[in-house]
Protein chains: 2
Amino acid sequence: MGTTSKALSLLDFFSRAQPLIGLSQMSRLAGINKASTHRLLGELADFGLVEQVTPGREYRLGPAFLRLAALREQNVPMRETAYALLETLADETGETTHMSLLQGEVLSTLAYAYADGHGTLVRMEDAEVLSLHATSSGLAVLAYSPPGFIDEVLSKRLTARTSQTKTDPEVIRASLPQIRTTGIAVSIGGFEEDVHSYAAPVFGANSACIGAVAVATPVSRMTDTLATHIKGRVLASALQLTRGWGGFPPSAFPKPEPEPIPHQSSKRA
Amino acid sequence: MGTTSKALSLLDFFSRAQPLIGLSQMSRLAGINKASTHRLLGELADFGLVEQVTPGREYRLGPAFLRLAALREQNVPMRETAYALLETLADETGETTHMSLLQGEVLSTLAYAYADGHGTLVRMEDAEVLSLHATSSGLAVLAYSPPGFIDEVLSKRLTARTSQTKTDPEVIRASLPQIRTTGIAVSIGGFEEDVHSYAAPVFGANSACIGAVAVATPVSRMTDTLATHIKGRVLASALQLTRGWGGFPPSAFPKPEPEPIPHQSSKRA
DNA sequence: ACCAATGGTTCAAATAATGAACCGATAAGA
DNA sequence: TCTTATCGGTTCATTATTTGAACCATTGGT
């Protein structure tokens with residue numbers, strides 16, 4: 001592993017649960033000598049990727065991310081387009097919608113939108129990280145990932161977020177073909193209790209899966225008819241986002257249902 | 001310079017004007033051998049700090065910034081608090097407000113807010129970069145920066161954004177003491193024609209200047225009374241932001257005007 | 001007063017970065 | 001069509017950087 005990769009890997013130890021990390025602790029977490037850790041953090045700090053809240057104290061993520069994220073979004077407005085789509089999807093389904101991107105072996109929340117009209121809804125968090133095995137989005141992504149990647153992910157210890165999280169690698173692996181036939185993954189209470197969600201994968205320019213769109217409802221509200229409606233809309237939205245970002249679904253990806261109200265029937269014969 | 005710094009320095013060549021950079025071009029820009037550049041870009045890409053739009057093509061900033069910026073904002077909600085303050089400042093002054101952070105030797109836009117009630121206003125851009133010598137914000141920051149930093153900045157060739165940009169280092173240097181006595185910097189048409197702006201510095205925990213708050217109006221709208229009002233409000237806002245972020249103004253920093261309507265006069269005597 | 005942490009530093013030994021030359025592919029010009 | 005000049009990417013002996021055990025100085029808890 002190159003030195004730069006080592007330095008960047010330090011950034012991944014920051015999380016919502018642990019926003020501040022000291023030198024010694026970082027050294028331990030990363031398994032890197034304290035002197036080296038110190039130098040690497042120093043170089044990251046020079047660029048503003050980390051900062052010390054006070055000299056001789058803990059480190060945290062730095063302000064450079066704000067600048068570069070704004071620039072990235074300016075060049076490639078993923079969040080903006082995702083958010084616009086999620087808003088209409090939330091309107092169409094009347095439920096909370098969510099889009100996440102694959103980053104390493106987890107998903108990170110890109111955007112989400114709430115729907116009006118219900119007293120209860122599924123709440124989302126900014127900067128939330130989703131595990132691949134415990135969420136509908138994760139399963140959707142996993143189903144369309146290369147076999148080697150799937151093996152890699154499933155070989156690790158799978159933690160149970162809730163009592164209903166499936167943690168048996170073989171059970172999960174066995175569920176993937178079904179996802180591939182429909183293009184839709186489901187999770188009932190796997191990540192949060194009382195949340196029922198459907199997700200569909202989004203693909204990049206090389207047809208690799210880069211993330212997923214999901215719709216989440218309280219379990220008590222989900223019915224067969226609502227599920228059918230959601231599945232149709234989430235699949236269509238995911239395809240729309242794939243196209244909007246210049247991506248291509250793999251050739252085997254299921255075609256979306258034709259709209260219930262056919263605009264023109266002449267070509268069907 | 002360490003390897004990591006070298007790799008990170010590549011990121012600074014991406015800009016709004018040049019969002020895509022090829023391998024050879026990056027190698028030339030950075031003055032780094034092509035093989036090394038390739039390896040460094042590869043490591044950055046592994047972490048998602050850059051990505052190739054298609055394999056064997058140009059590079060651009062990567063999606064990891066979205067994730068880490070969200071996490072940073074979650075931990076240290078600078079943009080959010082800045083935006084809230086800018087909104088009230090825009091209300092108070094009736095003009096466009098703006099906050100930027102010092103990053104290296106330039107300012108980068110953190111947030112801005114527009115005011116209601118006017119047919120014309122000063123327009124802001126996301127991810128915009130402001131030079132220190134040509135903007136009121138930049139001058140405010142420069143006035144409160146260490147002498148060595150000032151020398152460094154002023155020793156470089158200063159480009160004229162408009163016909164009214166001051167580019168003589170000594171003229172600029174001579175204007176700094178005046179800024180330090182009032183805590184306010186002014187720019188008339190220095191960055192954009194027809195823009196008149198006032199700015200005040202914001203300080204970090206170690207009393208170092210980290211950025212500036214500014215109010216910008218069309219030149220035609222600025223009057224003496226409006227200027228007085230704006231200067232008072234922008235100074236108060238900058239101090240408020242400094243405190244809100246846990247920073248401290250340097251001891252020599254001017255105290256804000258007492259509010260025009262004194263709440264209590266007993267202590268004055 | 002003590003101990004065990006912390007952040008930070010030193011310097012010879014080990015390791016990773018470097019860069020000129022090279023390859024195959026693509027595109028433009030003659 | 002042939003030539004030339006790019007491009008992205010790779011190779012490998014030389015070189016410079018990174019590494020890590022041991023070392024401070026400080027801090028905070030017992």
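Chain letters run A, B, ... following the sequence lines, proteins first and then strands; every chain starts at 1. These numbers come from the heavy atoms of this one structure, side chains and all, not from hydrogens, waters or symmetry mates.
For Asp12(A), the side chain to side chain donor-acceptor pair (under 3.5 Å) test picks out Arg67(B), with sequence neighbours left out. Judged as a side chain to side chain donor-acceptor pair (under 3.5 Å), and not counting sequence neighbours, the contacts of Glu51(A) are Arg60(A), Arg72(B). Residues passing the ring-ring contact (aromatic ring centres under 6.0 Å, His included) test with Phe253(A), sequence neighbours excluded: Tyr144(A), Phe203(A). Every residue meeting the salt bridge (Lys or Arg N to Asp or Glu O under 4.0 Å) condition with Arg161(A), not counting sequence neighbours, appears here in chain and number order: Glu192(A). Taking the side chain to side chain donor-acceptor pair (under 3.5 Å) definition, one finds that Thr167(A) meets it with nothing, sequence neighbours left out.
Backbone-only contact: Gln52(B) has heavy atoms under 4.0 Å from sugar-phosphate atoms and none from a base.
Rounded to 10 degrees, the angle between the two end axes of the helix from dA1(C)-dT30(D) to dA30(C)-dT1(D) is 40°, with five pairs used at each end.
A heavy-atom distance below 4.5 Å is found between the side chains of Leu142(A) and Leu154(A).
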How does each nucleotide of nucleotides 20-30 of chain D score, in 5' to 3' order, for protein heavy atoms under 4.0 Å: base (B), sugar-phosphate only (S), or none (-)?
BB---------

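Judged by distance alone, with hydrogens and angles left aside, the side-chain atoms of Arg79(B) form no donor-acceptor pair with the main-chain N or O of Ala111(B) at under 3.5 Å.
A nucleotide of DNA chain C counts as in contact with chain A when one of its atoms lies under 4.0 Å from a heavy atom; the first and last such, 5' to 3', are dT6(C) to dA17(C).
Contact check of residues 7-23 of chain A against DNA chain D (heavy atom, cut-off under 4.0 Å) returns no residues at all.
When the nearest nucleotides of DNA chain C are assigned to Thr4(A) and Gln25(A) by heavy-atom distance, the more 5′-ward of the two goes with Gln25(A). For the pair Lys6(A) and Glu58(A), nearest-nucleotide mapping onto DNA chain C gives the more 5' position to Glu58(A).
Listed by first then second residue, pairs satisfying salt bridge (charged side-chain N to carboxylate O under 4.0 Å, His left out) with a partner in residues 32-44 of chain B read Arg39(B)-Glu43(B), not counting sequence neighbours. Listed by first then second residue, pairs satisfying salt bridge (charged side-chain N to carboxylate O under 4.0 Å, His left out) with a partner in residues 123-141 of chain B read Arg16(B)-Glu125(B), not counting sequence neighbours. Pairs of residues two or more places apart, or lying in two chains, that qualify as salt bridge (charged side-chain N to carboxylate O under 4.0 Å, His left out) and include a residue from residues 143-153 of chain A are Asp151(A)-Arg173(A), Glu152(A)-Lys156(A).
For dT18(D), one of the phosphate oxygens OP1 or OP2 lies less than 4.0 angstrom from a side-chain nitrogen or oxygen of Thr3(B).
Within a 6.0 Å radius of CZ in Phe149(B), more than 12 heavy atoms belonging to other residues, nucleotides or ligands are found.
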